[in-house]
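I have placed the structure first, in the form of structure tokens, so that the comments after it can refer back to it.
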Amino acid sequence: METRGLVSKIQRYSTKDGPGIRSTVFLVGCNLRCAWCANPEAMFPDKKVMFHQNLCKRCGACVEAADNHAIQLTTKGCEIDRDACTNLATLADVCPYNAYENIGTVVGAEELVERLLRDRAFYDVSKGGVTFSGGEPCLQNEFLEKVVRILKAEGIHVAIDTAGLWSFDQVWPILEMSDLILLDIKAMDAYIHQLCTGTDNRIILENARNIAEKGKKIWVRMVIVPTMNDDLPDIKRRLDFIKELGDSVERIDLLKYHALGIGKYEALGVKYPLSGIGECDEGLIQEILAYASRIGLSIRFG
Amino acid sequence: MNTCLSFVPSNTECDFERIGKLQNRMNNRVPSICPERAEIVTRSFQETEGEAIVVRRAKALHKILEEMTIYIEEDSLIFGNQASVNFAASIFPEYSFEWVIKELDEFSSRSGDYFEITEETKARLRPLESYWKGKTHAEEVLHNLPEINRQAERQGVLHRGGISMSGDGHVIPNHDFVLEVGFGGMARIAEKKLQNPDLTQEQKDYYEASIIAMNGALKYIKRFGKLAMEKSQKETDEKRKQELRDMSKACENLMEGKAKSFYEAVETVYLTHLLMMIESNGHSFSFGRFDQYIYPYYQADLEAGVLTKEKALEILTHFFIMTNSLNKVRPWGHTQYSGGYPLYSNLMVGGMKPDGTDGTNDISYLCLEAMNQSKLPEPNLSVRYSKDTPDDLLKDSAMLIRQGFGMPSLFCDEVVIPAMMTLDLELETARDYASMGCVETAIPGKWGHRATGMTYINFGKIFELILNNGMDPKTGIQLLSITGKEGRDAAYESYDKLWEAWEKALRFYSDLAVDCDLVCDRALKHHDADAFASSTIDCSLERGKTLKNGGSEYDFISQSNIGPSVVGDSLYAVKKLVFDEQVLTLKKLQEVLDANFEGAEGAQVRKLCRAVPKFGNDNNEVDEIVANVYESYLALLPNYRTDRHGRGPKGCRYTMSTSNITSYVPNGFDVGATPDGRLAGKPLNEGASPCLGADREGPTAVINSISKLPNDRMAGGQLLNMRFSPGALAGEENLEKFINFIKVARFKNVFHNQFNIADGETLRDAKAHPEDHVDLMVRVAGYCALFSTLMPEAQDAIIERTEHQW
């Protein structure tokens with residue numbers, strides 16, 4: 001049977017996930033639960049249903065169609081009891097105004113590649129390519145391996161955007177074929193990491209070292225989230241760790257936290273874990289940049 | 001001063017502060033109506049009854065240039081004014097006047113493109129009406145227009161463009177020639193020709209008229225010489241005093257012959273442009289390949305040590321700013337087709353020379369910098385590029401585009417040149433193309449007619465009609481029946497039958513549109529017999545014929561075709577829902593469309609319609625259908641000839657263009673709900689762009705869809721307009737990516753592209769609070785306009801355009 005994967009979105013003319021003009025494929029499912037995740041639709045497993053309140057015209061079509069009386073029409077729009085509603089996925093067809101949206105498409109490797117190659121001229125001229133992100137793309141390793149293999153045979157530059165929590169032996173064949181690894185370093189302290197992502201970082205750091213040792217090109221991405229992973233000593237340790245990774249690290253991006261994903265949580269009927277967190281303090285950013293420069297790391301910010 | 005692009009000033013010869021003052025004054029310019037020209041032209045025509053029209057028009061021009069108010073704009077190095085005050089629109093009663101009188105009291109209260117008008121002006125204009133009654137171009141057109149055309153207009157399928165009520169414009173003079181011989185030289189050519197005893201009466205009249213027009217132009221210049229001298233004597237600022245003295249000195253023999261300096265060349269280009277716009281109220285008088293013909297003058301002055309790059313920039317920027325002092329007033333009905341006071345004075349830089357080598361030079365960069373400093377709607381700056389275009393020029397262009405006022409628009413040589421070659425041009429000639437007006441393409445100095453915008457054909461309306469067996473549901477008018485029976489019932493059995501109906505109806509209305517073009521052209525032959533403009537175009541002086549009577553070297557025209565994407569998307573929706581998947585009957589669909597998708601059932605059907613893939617998302621099936629819509633029109637063109645056929649010009653044929661200014665908005669008013677899910681009255685698609693908001697797959701998918709259209713046969717011009725969010729171009733890296741995005745067009749068969757860089761929030765705020773966004777300029781269609789001057793519907797159409805963001 002053909003290898004198939006679950007994709008939440010293909011972002012074309014993606015400019016933030018590697019060099020040149022790229023297409024970023026978001027694969028569904030992640031083994032981390034970062035409190036600040038901006039792509040919850042790709043974080044939680046399986047297909048999902050989003051409800052876009054702004055499109056709801058309160059016509060009542062879904063109320064009628066939902067089983068177990070799971071949807072109530074209130075003054076605020078539709079209130080959905082997601083546990084009770086067993087036919088939620090059918091409502092996208094019912095709602096005349098597209099307030100319900102099914103997220104997640106099962107796609108075959110060849111079909112996905114065919115779609116990605118449509119932008120080949122853009123990749124070629126801009127020295128861009130394809131980036132796999134998510135979620136954690138490496139969780140769908142069989143599918144990913146197949147897709148990357150075909151893309152590489154076509155001469156396309158491939159980047160893998162990963163959080164690094166996987167079995168090295170299982171994932172390395174994919175990374176080995178790929179041209180660039182976009183690696184998140186979220187925290188050094190195991191406890192902070194646990195608090196932020198719901199999981200320990202031992203394997204992640206080990207995998208990072210292994211990738212670097214193999215000489216694979218890495219772009220490290222550090223997101224700083226106030227009250228979560230903005231402890232300066234820990235950030236300095238992260239930078240020290242990156243420094244240790246050596247020449248494999250081609251570039252480091254410091255990213256400010258943003259709350260743009262919050263609407264997606266609401267649409268998914270999931271509570272947004274963070275609330276009322278502002279932007280990262282400018283002073284802290286300066287301190288980070290200063291420390292990085294002191295230890296000889298060049299960081300891109302903004 | 002505005003931050004420069006790549007230009008780094010190394011001396012203070014370019015006074016940026018003064019540019020700022022001029023620019024600010026122009027930004028706050030007040031549109032008004034000036035009665036002077038109307039009065040003078042009326043008096044002149046009264047004096048010349050019985051003479052040949054070309055002579056009468058030349059005498060009128062001469063008289064205007066002698067008598068009109070002239071002024072020198074404060075601070076400006078460039079002189080020459082079109083009307084009595086800055087940004088006033090003159091009236092051209094000889095073309096059409098009835099509407100002027102009818103709308104006198106409405107000019108100042110229009111929802112877009114308003115004009116201030118004093119009671120005195122009204123009182124000066126009203127008495128002129130009686131003289132012009134029955135004599136105007138518009139009346140002749142109306143008189144000769146067949147009844148069936150009027151019916152087609154009532155249905156909303158055809159729209160008589162500007163050519164039915166005003167001059168034609170659309171002239172790119174042969175500036176090399178004008179600068180070489182001057183107005184005086186042109187008069188001398190005509191004088192010499194007149195000595196030939198074998199001339200026809202038409203030729204004699206033309207040469208006589210040309211001499212009169214050129215002498216008028218020279219007198220106009222001399223008047224400025226005198227005025228500059230007077231002003232210099234009163235001027236207290238030493239620098240300005242000297243400038244005025246220099247200006248006065250230049251005027252002593254400016255354009256008696258060859259332009260003698262860079263300054264004279266730029267001033268002459270401006271004057272030539274301006275004089276054509278006093279002679280006729282056409283628009284889209286364009287500058288052509290400015291960097292190519294100005295460069296020799298620049299280079300000579302640089303080498304002689306009398307000019308610096310900085311001074312050149314100052315002169316160019318003043319010239320750019322001054323092109324915004326000109327104006328044109330149109331009837332309200334036509335204004336909706338072209339909102340934002342557009343003059344479409346296209347100015348083109350870059351691209352290959354006739355020999356195929358790259359033509360980019362210092363002037364190309366300086367023009368981008370002049371636009372960066374002036375940031376006003378005119379001139380309509382365009383950049384040509386090819387594989388040999390320096391990255392630096394594209395980078396300056398991208399940096400300018402990033403600032404979000406819509407300029408420059410970009411033309412891809414690798415696509416446009418093959419498109420021009422479909423007109424059987426020599427390769428060297430095709431390589432010399434320039435944009436004229438919006439995105440229509442022409443060969444400078446060789447074209448004598450508009451390359452687009454003859455009669456407008458509303459493709460969306462034709463589609464609505466075929467669903468109704470040719471009957472317009474709104475007016476009940478039925479001019480053709482698909483089934484051969486009367487009434488609305490068409491009941492197509494298959495997609496093929498529907499397609500055949502489209503082809504049949506398209507042919508029917510295209511034939512009518514060509515008839516309309518002919519009626520307008522025949523009237524223009526008389527009413528737009530313009531000796532001044534004609535003399536600047538190759539072959540006209542040689543043949544002794546005006547442009548409108550066959551004076552130009554080539555003659556290709558196109559109509560304006562509005563809504564191919566709406567039609568393609570709609571055809572595909574019907575094909576899929578009614579015929580392939582059979583989830584809907586045609587009858588049901590029609591009921592729902594009649595009800596504008598209202599009610600629960602309507603909403604459900606609309607959902608189905610909207611879910612069908614749309615053009616602009618790189619979907620082969622629908623893209624192919626949109627391409628078929630283009631092919632169906634292209635297939636008709638070999639049947640049509642222009643009025644000048646057999647009278648001298650090569651070609652005299654039709655080509656295709658989707659350059660349709662803001663007509664996609666008012667054309668949408670006339671079209672009921674369509675099967676692509678578009679609601680009744682909403683805009684059609686703009687140019688070749690996807691339907692508003694239909695492109696969901698990002699900009700690369702749009703380009704891929706566009707690439708499947710027959711762009712390399714669209715010799716009349718193909719328009720694509722995209723909107724990016726500001727963030728998508730922020731920073732060096734994103735800029736670099738954007739430049740590469742532009743470059744890919746070369747491999748993707750993209751004729752033209754232009755960009756708005758504005759987020760929805762800014763645009764919505766600008767609509768609500770125009771006073772806070774006085775200088776917000778947007779790309780409307782093939783031109784730029786200040787957002788606040790557009791009517792609300794056109795503003796909405798820009799807001800609804802998909803914003804590509806990341």
Side-chain angles (χ1 to χ4, degrees), chain A residues 9-26 38 55-65 91-102 114-131 133 157 219 251 253 258 260 300-302, chain B residues 387 391 394 583 592 597-611 616-620 623 677 695-705 707-708 722 724-725 727-750 804-806:
Chain A
K9 185 182 167 70
I10 301 173
Q11 172 77 60
R12 298 165 81 166
Y13 198 122
S14 159
T15 55
K16 290 173 183 157
D17 301 313
I21 295 173
R22 313 188 70 80
S23 292
T24 301
V25 183
F26 293 90
L55 296 178
C56 174
K57 298 220 192 303
R58 307 180 71 244
C59 70
C62 59
V63 176
E64 215 166 281
L91 297 183
D93 286 335
V94 170
C95 173
Y97 307 105
N98 297 328
Y100 291 85
E101 182 190 4
N102 289 331
E114 187 272 323
R115 287 174 64 182
L116 294 169
L117 288 179
R118 284 166 169 254
D119 283 353
R120 170 172 221 141
F122 295 94
Y123 310 149
D124 288 351
V125 170
S126 70
K127 299 190 172 57
V130 173
T131 299
S133 182
H157 181 281
W219 286 14
R251 165 171 171 155
D253 285 297
H258 64 76
L260 297 176
R300 290 175 193 240
F301 171 67
Chain B
K387 70 176 186 349
D391 273 5
L394 287 180
V583 293
V592 168
F597 294 114
E598 269 163 27
E601 194 181 42
Q604 201 60 45
V605 171
R606 183 163 185 240
K607 179 192 174 77
L608 289 172
C609 290
R610 292 174 72 189
N617 297 293
D618 198 9
N619 174 295
N620 285 343
D623 292 352
D695 45 326
R696 299 279 178 198
E697 289 280 320
T700 60
V702 173
I703 294 296
N704 287 350
S705 283
S707 75
K708 297 169 205 168
M722 298 179 82
F724 279 59
S725 70
L729 273 77
E732 269 297 302
E733 281 191 340
N734 285 342
L735 189 72
E736 193 59 41
K737 289 175 188 186
F738 180 67
I739 292 169
N740 284 310
F741 175 74
I742 292 168
K743 283 188 186 170
V744 174
R746 292 197 354 247
F747 309 103
K748 288 281 186 181
N749 189 31
V750 177
H804 294 291
Q805 60 179 350
W806 299 272

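By convention in this document, chain letters (A, B, ...) are assigned in the order of the sequence lines, proteins followed by strands, and residues within each chain are numbered from 1. Not measured: the values here are computed from a predicted model.
Within the model, atoms CZ of A:Arg22 and NZ of B:Lys737 stand 8.0 Å from one another, a figure rounded to the nearest 0.5 Å. A:Ser23 contributes atom OG, which lies 9.5 Å from atom CD of B:Glu697 (distance to the nearest 0.5 angstrom). Put simply, OG1 on A:Thr15 and CG on B:Leu729 are 9.0 Å apart, with the number rounded to the nearest 0.5 Å. B:Asn740 contributes atom CG, which lies 5.5 Å from atom CD1 of A:Ile21 (distance to the nearest 0.5 angstrom).
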Taking distance alone, no hydrogens or angles, what donor-acceptor pairs closer than 3.5 Å link side-chain atoms of residues 95-102 of chain A to residues at least two apart or in another chain?
from, atom 1, to, atom 2, distance (Å)
A:Asn98, OD1, B:Lys607, NZ, 2.7
A:Glu101, OE1, A:His52, NE2, 2.7
A:Asn102, ND2, A:Ala89, O, 3.0

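Heavy atoms from other residues, nucleotides or ligands lying under 6.0 Å from CZ of A:Arg251 number more than 12. A:Glu114 CD: more than 12 foreign heavy atoms inside a 6.0 Å radius.
Both the backbone and the side chain of B:Phe741 come within contact range of chain A, each with at least one heavy atom under 4.5 Å from a heavy atom of that chain. Contacts between B:Glu736 and chain A at a heavy-atom distance below 4.5 Å are absent for every atom of the residue.
Taking B:Asn704, B:Leu608, B:Ile739, B:Asn734 one by one and counting their heavy-atom pairs under 4.5 Å with chain A, the maximum is reached by B:Asn704. Taking B:Ala603, B:Gly731, B:Ala611 one by one and counting their heavy-atom pairs under 4.5 Å with chain A, the maximum is reached by B:Ala603.
Residues of residues 119-127 of chain A that come closer than 4.5 Å to chain B, counting heavy atoms only, are A:Asp119, A:Ala121, A:Phe122, A:Val125, A:Ser126, ordered by residue number.
Formation of a donor-acceptor pair under 3.5 Å by the A:Arg118 side chain with backbone atoms of B:Asp618 is found in this model.
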